[in-house]
Amino acid sequence: MTDIKAIAHQLADTVKQYRADYIEARLEESQTSHITYRGKELESTGKSTSRGGNVRALVKGGWGFVSFNNFEDLPAKVELAVRQAKLAASSESQLAPVEAVVDTVSSNLARNPVTVPLAEKKRLLDEYNDIIWRTPRLQTSIIGYGDSHKKVIFVNSPGSYIEQERADITLRLSAIAAEDGDIQQVGLSLGSRGNFNSIQGLHRQVEQMSKRAVELLSAPKIKGKEYTVVLDPVLAGVFVHEAFGHLSEADFVYENERLREIMVLGKEFGSKDLNIVDTATTPDLRGSYKYDDEGTPATKAYLIQEGRLVGRLHSRETAARMGEKPTGNARALNYSYPPIVRMTNTYIEPGTLSFDDIIGDIKEGVYARNWYGGMTSMEMFTFSAGEAWMIRNGKLAEMVRPVVLTGNVFTTLKNIDAIGNDLEMNQGGGCGKGGQSPLPVSNGSPHIRIRNCLVGGS
Amino acid sequence: MERVLAQARRVAEEADVFMVSSEETPVQFEANRLKQLQTKQKTVLALRIIKEGRIGYAATTDPEDSQGLVSNAVETARFGMPSRFELPSPATYPRVEVFDPAVEQVPIEKMIELGEELIDMVRRHTPDIVCEGGVSKAVASVRIINSRGGEVNYRKSVFGIGVEGNLTRGTDMLFVGEGQSSCHPLLEPKVIAGVVLKQLELARTRASAKTGTLPVVFTPDGVASALVPPLMAAFSGKTVLEGASPIGNRLGEVVFDPGLSLWDDPTLAYRPESRPGDDEGVPSQRTLLIEKGIVAGFLYDLQTAAMAHTLSTGNGNRNRGGLPAPSPTAFVIAPGSTSFDQMISDMKEGLVIEYLMGAEQGNILGGNFSGNVLLGYKVESGKIVGRVKDTMVSGNIYQVLKEITAIGADARWVGSSVNTPHLYCPRLSVATKT
């Protein structure tokens, strides 16, 4: 089997020989393993390996993209990408300038998670599953563990050659309780940039999760209406990702005149205390990297500063077309996809308030924690809490059934009127866009309070 | 593949080998213009073994690497689940047509033209709309062989065409869209444009609903986005086996409205989800799930069926070449006899839901759905009066589908895996911004 390095060096020459405005190629080699439990038993375990690559060419604003598992006759693949780009050509190519770079970035891990012995992984998951099953009135459990390690080599016609390694771990546990046809579940999602130690020692959290699933059986449903809502750092992280992160991805805006008008830099979206950041430069988070999949160095991008829109996330093309600087946010799920503008690690910067300050003056409200998921259509978004409690007279009161919350980006961010001092990053999420899912990202926030937030209910 | 099987048999009692190779050509439009042409070639080779009674599994994209594949499968078999099933012996498969050579032969230029026509039709109606669109063709070959001599082998063609439009006025955004796929080429963009133009017409004006309880008509898209995900979870044999399905122990009982019938059908001709056999070589069959309101069956793969002391329904699916798990192919809800117009004219005050965003993100196991009405309309005195916004609806399918006012006469495909009529439900909880 030919080493992908040797193939990459060949390709680095090949991409310079074709007539196009720009050509790049990515080659990838990866190993993954997974273990799932359904109920008491380990349900499935497996190991996979994958090798593939792609070539992307740009001619007069049109892109051609060819992906493959089969490494034979690469010049023909470059030629096909160029031919396709020519067919799609219509205007003028624009790419923000990025210096060509030659670099090697290793995953810097003491242990590749894929090679951690299965017996060791199983022992840990067995411990967690035992805790779940010790909980009375529990119906069943689902555990999904997955890890991966990959090496990606990027070359382009201006002469970049970048080799990057990364590892990733995800763990999702669910406890499911049932009674008289009523089914309730609570989940716990974790992730890490390949460090197996980070998913160890969760025994207490797993126990709490399981008890909560049973408690939900006797929890009442909330009445659907507007509430003052307090979000924990995990759910607030999902909120900032859905409510604002996606709207700040420039590929949605750059060719839509009307959107460019409403997303003009300087526009007020929130109060003076609101600051939102996306950055791939923080070490050891799941969304972190040194270079994105177009070879652009990662940056720390402020999206909102003191309540005003100050930046957005770019690929080289969107940056050029909007006359802004590239931010290094062009990412591809794997070699079968072209890079598109994506978030990395997105968070609300901490403020000064304690949790008690935040809930202290709420007469009736909802404290929503943990997540099931979130979605956005840009203007409107929904995000769902895994657990919820009523807040009455400034204190946490009874637990209620999980809630789905919704908002409108142009009003809901303005309704954030309290920001906590307790920023936490959540690594358990994955992001989907344009059929590329789940992409490793992380989200974070301190506790936040939102006035007049619409909550679905009976 | 034969080599992999032979090598696996030397170290394990049983084995099956699954291989899918595909080539896909998507043509993408962005901001009303052609943006990107793609060609994607993909191969996945997966090996499942049963060694000392336990299941091992490995996959690779490199068909030459049979040794690595076998050794990975052996490594995982030490920890794998005890196997409870027998791999299928040679069987007779139903004739299911899923390949039309015409798909491969549609020239790229024609695909570009189709996409341009579709976007033009939408823009002629609403000039300031910004459209994204796609036209794609794909051909895949699937082969499964096992150590008992079982073998399935077929080719499939899939053609898809779709458009999504964004209309922004001030900070108000409207999203409309439609897409269809088939094993035949889809060369009539007019049909798709027609659906989008109707959405644009109905959403032209704004209306508002009040917090409370209202009757609701779910359009086929509405049914697929709100009601289908909890149904799919409930009818999975795996969920049933674990006791996590609310209807798991109600086989033969009336749980839903007597007008409601639902089945899974992988044998429909020229549908993208159809196939002669499932991904573990079990012949395809139509499986009745709800018959006139009565719970009639669940969906199984080999292992889950064996554990539940029943037979596989041919629903063993391998997501991206992974281990098989029971999942639906094409969910079909039987049409009724009421037209959409009749439903609307019957309503004094109510909602029409085209798309419920976020509905599948709650406790779907329990049957709950709750989401933002991303596209939906208000009905007053028997007429659609405009689009609603900032509106959430919530419900539970075991209440909502227990009593249905009317079932639509026309059913249609939503995506490739749901075929449903409109459903008219008497009451649903609605919350709106004041």
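What you are looking at is a predicted structure, and each value in this text was computed from that prediction instead of being measured.
- Salt bridge present: R84(B) and E41(A) bring a charged side-chain N and a carboxylate O closer than 4.0 Å.
- Summarising the geometry, atom CE belonging to M173(B) is positioned 7.5 Å from atom OG belonging to S377(A); distances are rounded to the nearest 0.5 Å.
- Under 4.0 Å is where a charged nitrogen must lie from a carboxylate oxygen, and between E317(A) and K35(B) at least one such pair does.
- In this structure, chain B has no heavy atom under 4.5 Å from any part of D182(A).
- Between atom CD of residue Q36(B) and atom CG of residue L87(A) there is a gap of 13.0 Å, rounded to the nearest 0.5 Å.
- Among R83(A), Q185(A), H34(A), K225(A), the residue with the largest count of heavy-atom pairs under 4.5 Å with chain B is Q185(A).
- Smallest separation of non-hydrogen atoms from I183(A) and A244(B): CD1-O, 3.5 Å.
- Contact of L365(B) with chain A is made through backbone and side chain together, with heavy-atom distances under 4.5 Å.
- The choice from I108(B), D128(B), T211(B) that makes the most heavy-atom pairs within less than 4.5 Å of chain A is D128(B).
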Walk me through it: do E242(B) and Q139(A) pass the test side-chain contact (heavy atoms from CB on, under 4.5 Å)? CA-CA 7 Å; E242(B) 289 157 356; Q139(A) 181 65 33; 5.9 Å; no

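- Within the 4.5 angstrom heavy-atom criterion, no atom of L428(B) approaches chain A.
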Check the pair R78(B), L118(A) against side-chain contact (heavy atoms from CB on, under 4.5 Å), reporting the backbone distance first and the verdict last. CA-CA 9 Å; R78(B) 275 183 58 211; L118(A) 267 174; over 6 Å; no

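- Taking CD from E379(A) and NZ from K389(B), the interatomic distance works out to 3.0 Å, rounded to the nearest 0.5 Å.
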Go through it in stages, so that I can follow the logic: the residues are N166(B) and N256(A), the test is side chain to side chain donor-acceptor pair (under 3.5 Å), and I'd like the CA-CA distance, side-chain angles, deciding distance and then a yes or no. CA-CA 9 Å; N166(B) 165 255; N256(A) 188 328; 3.0 Å; yes

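- Between chain B and the residues N408(A), V409(A), L259(A), the most heavy-atom pairs under 4.5 angstrom are made by L259(A).
- Heavy atoms closer than 4.5 Å to chain B are found in the side chain of Y335(A), but not in its backbone.
- With sequence neighbours excluded, the residues forming a side chain to side chain donor-acceptor pair (under 3.5 Å) with S93(A) are D21(A), listed by chain and number.
- For chain A, the option among E109(B), K238(B), R54(B), R33(B) with the highest count of heavy-atom pairs below 4.5 Å is K238(B).
- Contact tally against chain B (heavy-atom pairs below 4.5 Å) for G181(A), S50(A), P402(A): the top residue is S50(A).
- Considering Q41(B), K42(B), E24(B) in turn, K42(B) is the only one that fulfils the side chain to side chain contact (heavy atoms under 4.5 Å, CB included) rule with S336(A).
- Looking at T39(B) and L80(A), their side chains come closer than 4.5 Å, going by heavy atoms from C-beta outward.
- Proximity to chain A is absent for every atom of T304(B), based on heavy atoms less than 4.5 angstrom apart.
- At a 4.5 Å heavy-atom cutoff, the contact between F410(A) and chain B is made by side-chain atoms alone.
- Both the backbone and the side chain of F79(B) come within less than 4.5 Å of a heavy atom in chain A.
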For side-chain contact (heavy atoms from CB on, under 4.5 Å), just list the numbers for R260(A) and T168(B), CA-CA rounded to whole Å, side-chain angles, deciding distance to a tenth of an Å, and then say yes or no. CA-CA 10 Å; R260(A) 283 177 75 145; T168(B) 301; over 6 Å; no

Just do the side-chain contact (heavy atoms from CB on, under 4.5 Å) check on T49(A) and T61(B) with the steps written out, would you? CA-CA 7 Å; T49(A) 58; T61(B) 55; 5.9 Å; no

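- Side-chain contact check for Q84(A) versus V27(B): every heavy-atom pair is 4.5 Å or farther apart.
- When the candidates V130(B), T171(B), V430(B) are compared by the number of heavy-atom contacts under 4.5 Å with chain A, T171(B) comes out ahead.
- For the set E242(A), E257(A), E255(A), the count of heavy-atom pairs under 4.5 angstrom toward chain B peaks at E255(A).
- Chain A forms the most heavy-atom pairs under 4.5 Å with one residue out of R48(B), E64(B), E30(B), and that residue is E30(B).
- Looking at T432(B), only its backbone comes within 4.5 Å of chain A, counting heavy atoms on both sides.
- At a 4.5 Å heavy-atom cutoff, the contact between S245(B) and chain A is made by backbone atoms alone.
- Contacts between A119(A) and chain B at a heavy-atom distance below 4.5 Å involve backbone atoms as well as side-chain atoms.
- Of the possible polar contacts, one joining the Q361(B) side chain to the G374(A) backbone as a donor-acceptor pair under 3.5 Å is found.
- If you take CH2 on W63(A) and CG on L37(B), they are separated by 13.0 Å, rounding to the nearest 0.5 Å.
- Counting heavy-atom pairs closer than 4.5 Å to chain A, the top residue among A59(B), G362(B), G170(B), A46(B) is A59(B).
- In terms of heavy-atom pairs under 4.5 Å with chain A, the best-connected choice from D172(B), L69(B), L241(B), I247(B) is D172(B).
- For S90(A), the part lying under 4.5 angstrom from a heavy atom of chain B is the side chain only.
- Heavy atoms of I364(B) lying under 4.5 Å from chain A belong exclusively to its backbone.
- If you measure heavy-atom distances from Y254(A) to chain B, the contacts under 4.5 Å come from the side chain alone.
- The side chain to side chain contact (heavy atoms under 4.5 Å, CB included) with N372(B) is formed by just one residue from the set T376(A), T382(A), L454(A); it is T382(A).
- For chain B, the nearby part of F252(A) is the side chain; its heavy atoms alone come within less than 4.5 Å.
- Between G243(B) and A178(A), the shortest heavy-atom contact is O-CB, 4.3 Å.
- Taking 4.5 Å as the limit, some side-chain heavy atom of Q38(B) sits within range of a side-chain heavy atom of P338(A).
- Residue Q67(B) qualifies as open at atom CD: its count of foreign heavy atoms under 6.0 Å is 12 or below.
- Chosen from Q31(A), K122(A), Q184(A), E43(A), the residue pairing most often with chain B at heavy-atom distances under 4.5 Å is E43(A).
- Ranked by heavy-atom pairs under 4.5 Å with chain B, the list G39(A), S67(A), G64(A) is led by S67(A).
- Proximity to chain A involves both the backbone and the side chain of T60(B), based on heavy atoms less than 4.5 angstrom apart.
- Put simply, OG on S384(A) and CG on N363(B) are 10.5 Å apart, with the number rounded to the nearest 0.5 Å.
- With a 4.5 Å cut-off on non-hydrogen atoms, D180(A) does not touch chain B at all.
- At a 4.5 Å heavy-atom cutoff, the contact between Y355(B) and chain A is made by side-chain atoms alone.
- Proximity to chain A involves both the backbone and the side chain of E75(B), based on heavy atoms less than 4.5 angstrom apart.
- Rounding to the nearest 0.5 Å places CE of M357(B) at 7.5 Å from CE of M380(A).
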